[in-house]
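Atoms within a ligand are numbered from 1 in the order they appear, just like the ligands themselves.
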Amino acid sequence: MAGRLTDVGPDRLFAAARRVMVRCDELARATATPGAGIERVYLSPEHARVNRLVAEWMREIGMTTHQDAAGNQVGRMLPVLGDPEAPALLLGSHLDTVPAAGRFDGIAGVLMALEVVRLLRASSGPGRPGRVPLPFALEVIAFSDEEGTRFGKALLGSAASAGGWREDWWALRDADGVTLREAFLDFGLDPGRIGEAAYRPEQLVGYLEAHIEQGPELDERGESLAVVSSIAGARRFQITVEGEARHAGGTPYEARRDALLGASEAALAVERICRAEHHIIGTVGQLETFPGAVNVVPGEARLSLDLRGELDGSRDRVWDAIARELDAIMGRRGLRWRARPFHDAPAVFCAPLLQDVVRAGIMATLPAGADAPATLFSRAGHDGMAMADVTDVGMLFMRNPGGISHHPDEFVSVSDVAAGIWALTEAVLHLAGDSRS
Ligand code: GLV
Ligand code: MN
Ligand code: MN
């Protein structure tokens, strides 16, 4: 089936990739921090703005659109001969960002999905506008909250799509004390209708996502694209260290119970323990001290821990080892500590069939006789982690020069985006061939 898109030609592919790049720039302007980088969080005015733009781009290629009950933006296109209820292959990624973000994480995957629809629709021939020549419908979904920047809980958008919304999430608060329920109402969404965002398994063929790698492996290999085998499971904790706030000048070292020093040793222990393990990575990304005065020994410190691993079992054993080490550190320093878990997403394996079609799609972009593309596990989290509860998931990675992501210098080249659009389109065609037989 390789080469089915040869009639599309490199010019169309490059035009598609250039449109993705221009639109990534356009969406980057929807930020809460103009002049100071990109920050676009769940249920914000910027979220509403990018949904409106993406909905326009969906309609421009003939899709019908709606914003779902969780604020995800969805476009749908029917198969040529299919009925309106035909199950859909979902293509997409997310439009929200971390603070001081890059412009491609998530966003490129949404915009590339639109180009796949555009290419497939164009290949359906005259007389079939607004349809795709496939045995299933295509939907493009722009998830609204993958990063969890605003409410601390990641994957809210995709959890709603997968039917995994939890009632206790309504009480989550952002940094200004606004609850998730209040933010829904402010955005014009009805919390009582959240269940309507959920897909039923029989409505879906699968979920396919293209994403930049967010690490250096493809760049180091000198390759453009990879098949993703699985997505690392993540656990996140808020750790509180309690000591005693006292005078910075008057308190001798022997009398100090300095919470910041305990927290600092804890951060170093996380690095030491995780480095010694295969495919486990731990990060302390937030650290605050209280009362936070220059002349007071810190009486309390709060630090975050993000712990990921290819396998849940080894990741959980590493958490147990970290907890034992924290007992030892805090015991030595006369401190107390506790951990509040706030995110727990198991590792997810990409479905073998979707790995095969992504591999076949990438092979179609390579010269005849080329080696099979790399198969990588994703150390970063993705919406597929939530979507795996309701359907099969598959992912394609694009080279990320220098492996820099969650940073304004994040990059992907136009030629790798063109290759990614081509591979993803071929993957959809392979899947269509498979589901016909
Ligand atoms: C999302 O990008 C994550 O991996 O945290
Ligand atoms: Mn991200
Ligand atoms: Mn992402």
Presence of salt bridge, R317 and D320, under 4.0 angstrom: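 Between R317 and D320 there is no salt bridge, as every charged N stays at least 4.0 Å from the carboxylate O atoms.
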Would E60 and R23 pass as an ion pair if we require N to O under 4.0 Å? yes
Pairwise distance [atom1]([X]) to [atom2]([Y]) - rounded to 0.5 angstrom:
{"X": "E147", "Y": "R40", "atom1": "CD", "atom2": "CZ", "result": "10.5 Å"}
{"X": "H382", "Y": "S158", "atom1": "NE2", "atom2": "OG", "result": "11.5 Å"}
{"X": "E26", "Y": "L53", "atom1": "CD", "atom2": "CG", "result": "5.0 Å"}

Residue pairs passing the side-chain hydrogen bond (donor to acceptor under 3.5 Å, both in side chains) test where at least one lies in residues 339-354, sequence neighbours excluded: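 Listed by first then second residue: K153-H343.
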Going by the rule side-chain contact (heavy atoms from CB on, under 4.5 Å), which residues pair with A113 if we only count those two or more places apart in sequence or in a different chain?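 L91, V140.
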List the protein residues in contact with ligand 1, where contact means a heavy-atom separation under 4.0 angstrom.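 Around ligand 1, where the cutoff is 4.0 Å for heavy atoms, the contacting residues are E146, E147, R236, R308, A380, G381, H406.
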Total protein N/O/S atoms whose distance from the Mn ion (ligand 3) is less than 2.8 Å: 3
Within the distance-only criterion (no hydrogens, no angle test), does the side chain of Q73 pair as donor or acceptor with the backbone N or O of V54 below 3.5 angstrom? no
Should W337 and F237 be marked as a ring pair (Phe, Tyr, Trp, His ring centres under 6.0 Å) after you check the CA-CA gap, both sets of side-chain angles, and the distance that decides it? CA-CA 12 Å; W337 76 281; F237 302 89; 9.1 Å; no
